[in-house]
Amino acid sequence: MLSDRALAAFRSALGADRVFDDVATRALYACDETPRRVEPDAVLFPSSHDEVLALARVAFEHRIALTPRGAGSGNVGGALPSPDSVVVSFECMHRVLEFDPANRLIVVEPGVVTEEIDRIARGAGLFYPPDPGSSAYCRIGGNLAMNAAGPRAVKYGVTRDYVLGLRAVTGDGREIRTGCRTTKGVTGYDLTRLLVGSGGTLALITEATLKLLPTPEAVATLRLCFASNRAALDAVGRVMRQAVVPSALEFMDRHAIDAIRPTGAADDLPPGTQALLMVEADGAAQDLPRQIAALEQALAGNGLLEMKSGFARADIARLWTARKSLSHAVKQIAPLKINEDVVVPVSKLADLVDFLDHTAQTQQLPIVSFGHAGNGNLHVNLMVHPDDVDEMARARLALDAIMLRVLALGGTLSGEHGIGTEKRRFVPQEIDPTTLELMRAIKRQFDPHGLLNPGKLFPD
């Protein structure tokens, strides 16, 4: 438990109205999107960089672990409090510090909602490309911690590709600035890219300078129905081997389609549909027909049952109905969704999906797969009843098998959710001992006493 002396020091640094150790607040911040709960000793609400600096110095003096938190919308336990830790919630740091359309950049605090950044940018004819599924409520700080992405990553890249510079506080209470305000710069080591995706284990990010792009003039969408998963994923391979890069390339397997049928969202799919692709292109309006024609040519092939296109906003929205209804529909299968985010080379996607079907049959578990096929990034959802001990044991066996298969196919454990608490036991299977020790040494340089988000990212 937090000592009275440490609690008083936090209150002195932030003010009594920014430090909460009551039962209700601690319970509210005891979890993220994973099913586990760990109550923190207190919750801190800094409102500025200087306050983060002050609380980090208190934590360092008293050897108190800190768990940084945005909206708590992560799926891997990244914002789950460590035992005997204090949560640092950045929700009060939600200012846009600078918007510079002439230089295509915006400077924000970590508590700014991701969708708000894009909204502001679009008012000046720009946009912020990373688009995680939770962008309407997730915070940019969490996106930075986990290197979040979304459907547009196939063309535009991930969060890390849009961070020009950071202001942050290390685990021993030092202020650092990384990067620059220009799109080119090679002075010193690239600490910016090191911090992004580090899961809050190296520093507490307090400001981010983000790169923006001009808004595409026009968008068009294709929806394709296939007779099998392999036919759909073979089409993905053909698309990624030709010149036109889609701005989204999303896949739904037959289990995902079965999940949306009770909602009516699959009523307009042709009989026999076992897999679905959503393909989007964007760019200059006069060039869009050429892009769509090239994509249609690549997508056509064995197993294609239907292809529909949409150029108007209403038509595009209608075509996306099946994909947009999936998240809610999946939750009706079982009370707990174990959401794994894995990546394999695009050419190995069909092999992975076949293995997932085999694992679902072997372990007698519903496994629903969908995701960003253009990047080889699948969201593998094991639907389970947490009070069924036998089912949970089978789910653990399935997870072990899936992770090992992903690595055997030349893939990686996470594409956009991060590692957190949930995947760290698999990390030594992907990263060799020498490299892992170098990473631990880097951690010690930033956080000598291991106070920042302990129990995350690396195995004990």
Side-chain angles (χ1 to χ4, degrees), residues 46-54 56 68 70 88 90-132 135 138-150 152-153 155-171 173-216 247 282 416 442 445-446 452:
S47 62
S48 69
H49 168 84
D50 288 343
E51 289 184 355
V52 175
L53 195 62
V88 181
F90 286 98
E91 61 197 277
C92 295
M93 293 180 65
H94 50 69
R95 293 178 299 168
V96 174
L97 301 173
E98 181 184 355
F99 178 41
D100 184 356
N103 289 304
R104 296 181 181 174
L105 65 82
I106 189 169
V107 183
V108 296
E109 292 182 321
V112 175
V113 174
T114 305
E115 191 176 75
E116 177 70 2
I117 297 169
D118 190 51
R119 186 193 66 77
I120 292 170
R122 287 181 186 271
L126 303 170
F127 82 119
Y128 177 66
D131 59 335
S135 60
C138 66
R139 312 295 174 115
I140 189 65
N143 293 181
L144 294 166
M146 299 303 181
N147 194 26
R152 287 198 292 251
K155 180 176 182 178
Y156 290 105
V158 298
T159 297
R160 183 180 278 126
D161 299 313
Y162 294 89
V163 185
L164 297 173
L166 298 169
R167 191 182 188 192
V169 177
T170 63
R174 291 173 291 162
E175 175 183 340
I176 59 172
R177 290 180 181 268
T178 73
C180 52
R181 291 171 61 90
T182 56
T183 55
K184 295 178 74 174
V186 290
T187 304
Y189 294 128
D190 192 348
L191 297 182
T192 303
R193 293 179 70 85
L194 177 62
L195 292 184
V196 178
S198 63
T201 63
L202 297 179
L204 302 173
I205 295 171
T206 59
E207 293 179 17
T209 302
L210 306 174
K211 177 176 70 173
L212 305 172
L213 295 183
T215 305
S247 54
D282 64 13
E416 56 187 14
I442 292 171
Q445 289 297 314
F446 280 85
L452 295 183

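What you see is a predicted model; the values in this text were computed from it and never measured.
Using a 4.0 Å cut-off between charged side-chain N and carboxylate O, Glu91 and Arg139 make no salt bridge.
Side chains of Leu210 and Leu105 form no contact here, defined as non-hydrogen atoms less than 4.5 Å apart. Two residues are said to be in side-chain contact when any heavy atoms from C-beta on lie closer than 4.5 Å; Arg177 and Leu166 fail this criterion.
A donor and an acceptor atom, one from each side chain of Asn143 and Thr159, are nowhere located under 3.5 Å apart. Under the 3.5 Å distance criterion, with hydrogens and angles disregarded, a donor-acceptor pair is assigned to the side chains of Thr178 and Thr192. Side-chain atoms of His49 and Glu109 form no donor-acceptor pair, as typed in the model, at a separation below 3.5 Å.
The ring of Phe127 has its center closer than 6.0 angstrom to the ring center of Tyr156.
The heavy-atom pair separating Ala208 from Leu144 by the smallest distance is CB-CD1, 3.8 Å. Between Val169 and Ala56 the shortest heavy-atom distance is CG1-CB, 3.6 Å.
Considering CZ of Phe90 and CD1 of Ile140, their distance stands at 13.5 Å, rounded to 0.5 Å. A distance of 4.5 Å separates OH of Tyr162 from CG of Leu213, quoted to the nearest 0.5 Å. Considering CG of Leu97 and CG of Asp100, their distance stands at 13.0 Å, rounded to 0.5 Å. In this structure, CG in Leu53 is found 8.5 Å from CZ in Arg167, a value given to the nearest 0.5 Å. Once rounded to the nearest 0.5 Å, the distance linking CZ of Phe446 with OG1 of Thr201 reads 9.5 Å. The CD1 atom of Ile205 sits 6.0 Å away from atom OG of Ser198, with the distance rounded to the nearest 0.5 Å.
At least one donor-acceptor pair closer than 3.5 Å links the side chain of Arg160 to the backbone N or O of Val196. In terms of modelled atom types and a separation under 3.5 Å, the side chain of Glu51 and the main chain of Ser47 share a donor-acceptor contact. A donor-acceptor contact shorter than 3.5 Å is absent between the side chain of Ser135 and the backbone of Thr114.
Contacts of Glu115 classified as salt bridge (Lys or Arg N to Asp or Glu O under 4.0 Å), with partners at least two apart in sequence or in another chain: none.
Partner Asp161 forms a salt bridge (charged side-chain N to carboxylate O under 4.0 Å, His left out) with one of Lys155, Arg193, Arg152, Lys211 and no other, that one being Arg193.
The 12-atom threshold is not exceeded at CD of Gln445, counting heavy atoms of other residues, nucleotides or ligands nearer than 6.0 Å.
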Side chain to side chain contact (heavy atoms under 4.5 Å, CB included) evaluation trace for Arg104 with Leu126
CA-CA 8 Å; Arg104 296 181 181 174; Leu126 303 170; 4.1 Å; yes
Just do the side chain to side chain contact (heavy atoms under 4.5 Å, CB included) check on Val113 and His94 with the steps written out, would you?
CA-CA 8 Å; Val113 174; His94 50 69; over 6 Å; no
